[in-house]
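Basis for what follows: all heavy atoms, side chains included, without hydrogens, waters or symmetry-related copies.
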Amino acid sequence: MGKTLFQKVWDAHSVCALPDGRTQLFIATHYLHEVTSPQAFGMLRDLKLDVAYPERTFATVDHIIPTDDQSEPFADPRADAMIRELRKNCAENHIRFFDLPSGRQGIIHMVGPELGLTQPGMTIVCGDSHTATHGAFGAIAMGIGTTQVRDVLATQTLAFNPLKVRRININNKLAPGVTAKDVALYLIRLLGAQGGLGFAHEYGGAVVDAMTMDERMTLCNMAIEGAARCGYVNPDETTFAYMKGRLFAPQGEAWERSVERWKHFVSDSDAEYDEIVEVDGSAIEPTVTWGISPDQNISINARVPSPEDGRTEDEQHMIREALTYMKLQAGTPIKGLKVQVCFIGSCTNGRISDFRTTARLIKGRHVAPGIRAIAVPGSQMTARQCEEEGIDIIFQEAGFEWRHPGCSMCLAMNPDKLTGDQICASSSNRNFKGRQGSPTGRTILMSPAMVAAAALTGSIADVREVFPDDYQPLQA
């Protein structure tokens with residue numbers, strides 16, 4: 001019987017089976033940022049333990065970093081203290097830190113792939129829930145908590161319960177205007193916010209095969225929003241072409257040997273899955289959230305649901321709660337809803353392709369009056385590419401604020417926040433209550449192209465109608 005990629009990576013990194021049924025796994029690569037690491041280092045000091053394999057840990061600063069004025073000391077004393085603490089901890093433990101002056105700082109889930117640190121067949125962990133992003137390269141990547149960060153620093157291993165594997169085949173071809181973000185949201189709605197509990201998701205099918213690495217990262221990034229422990233794509237020539245020549249990728253003969261090894265970290269044709277889901281990719285439309293959980297989403301031409309649409313009492317209660325918080329009426333068309341803020345960025349959609357696509361759409365046009373539009377590259381490397389290609393100028397001429405790299409308004413652990421009950425069209429990954437900095441702020445998730453459409457019109461809009469020369473509307 002064949003094995004899935006998940007099984008192969010699990011077996012290759014298994015140290016031992018524990019009496020309670022868990023597996024002690026060796027962690028190939030560990031990523032750190034400033035929010036979940038200070039306490040972990042503090043616990044190490046209390047225990048008088050050293051970092052076991054400092055060469056396998058890489059750090060950057062992303063969550064708390066200001067994206068307007070990055071001169072130090074930061075205006076926020078807590079943020080300033082956190083970056084200084086990370087610098088100290090990395091220096092004392094000989095951990096490579098991609099600091100602001102390095103030219104390689106950014107959101108950790110962008111920095112790792114851009115530098116070639118994320119590679120097929122790895123086990124990867126980080127004290128951040130969106131670590132699943134790295135699964136796009138054929139790695140098993142999982143978010144962990146602070147005490148687990150401590151354990152990895154001390155032992156380079158972690159104990160995990162084995163996961164079931166769900167294969168999700170996304171078949172046929174996406175319609176014009178439909179992106180990886182729309183696919184991710186659609187899958188979360190289809191399977192439910194808790195549908196992935198206990199599973200690793202393997203994404204495949206013609207749609208995924210045709211995706212770029214940036215698109216695959218977007219898809220895997222949001223696996224956790226459907227409660228999957230991780231999501232991954234089998235590595236292929238698209239993967240290898242993206243990685244070749246990157247700073248930490250193997251070079252010369254080592255590259256050829258590595259590619260041959262990576263080719264074995266794919267699911268066998270006769271692998272057995274715990275579950276297989278078939279999805280018609282051609283049926284997916286541009287999608288936006290309407291509620292307070294990523295699964296509360298609808299296609300752009302649909303109407304906000306009613307509590308009676310819930311299949312259970314819990315679902316009906318969640319719909320009522322979301323309608324109240326979002327100040328929406330059941331049955332209202334989502335298209336045309338006025339917005340006040342538009343945000344393009346985050347580890348979900350802050351990559352070079354996101355900015356190239358959006359720049360092409362907005363060039364020569366302007367943000368609607370009264371709209372605050374913010375564009376935040378996910379890394380210094382992406383920012384440089386944008387500046388070299390003149391993308392930053394296009395955004396600024398269109399009325400966007402062009403910011404320095406960071407997590408920014410995705411979770412607002414920095415100055416980029418909503419105020420009051422503003423509605424934000426956002427390319428980020430979570431629409432929880434208060435997620436973007438205001439306890440009454442309202443977040444509507446969508447693709448960067450859809451954010452651009454909202455910015456130009458001042459309301460939730462169909463990207464196919466706002467940009468008809470680029471995206472032909474689907475026929476009714």
Could you tell me whether Y232 and F137 have their ring centroids closer than 6.0 angstrom?
no
For D69 and H404, does a side-chain donor sit closer than 3.5 Å to a side-chain acceptor?
no
Can you see whether E202 engages T4 through a side-chain donor-acceptor pair at a distance of less than 3.5 angstrom?
no
Applying salt bridge (Lys or Arg N to Asp or Glu O under 4.0 Å) to R403 and D416, what does each step give before you reach the verdict?
CA-CA 10 Å; R403 299 299 195 92; D416 300 349; 3.0 Å; yes
Residues N221 and T133: side-chain donor-acceptor under 3.5 angstrom:
yes
Check whether the side chains of N297 and T289 place a donor and an acceptor atom closer than 3.5 Å, and report yes or no.
no
Which is it for T157 and Q24 under the side chain to side chain donor-acceptor pair (under 3.5 Å) test, yes or no, and what are the steps along the way?
CA-CA 6 Å; T157 68; Q24 195 79 15; 2.8 Å; yes
Side chain to side chain contact (heavy atoms under 4.5 Å, CB included) with I65: which of M82, Q70, H33?
Q70
Does E401 come within less than 4.0 Å of R372, counting only side-chain N to carboxylate O?
yes
According to the interplanar angle, ranging from 0 to 90°, do the rings of F199 and H201 count as parallel (below 30°), tilted (30 to 60°) or perpendicular (above 60°)?
tilted
SB check R320 E308 (cutoff 4.0 Å):
no
Is it the case that the side chains of N429 and T348 hold a donor-acceptor pair, with the cut-off being a distance below 3.5 Å and no angle test?
yes
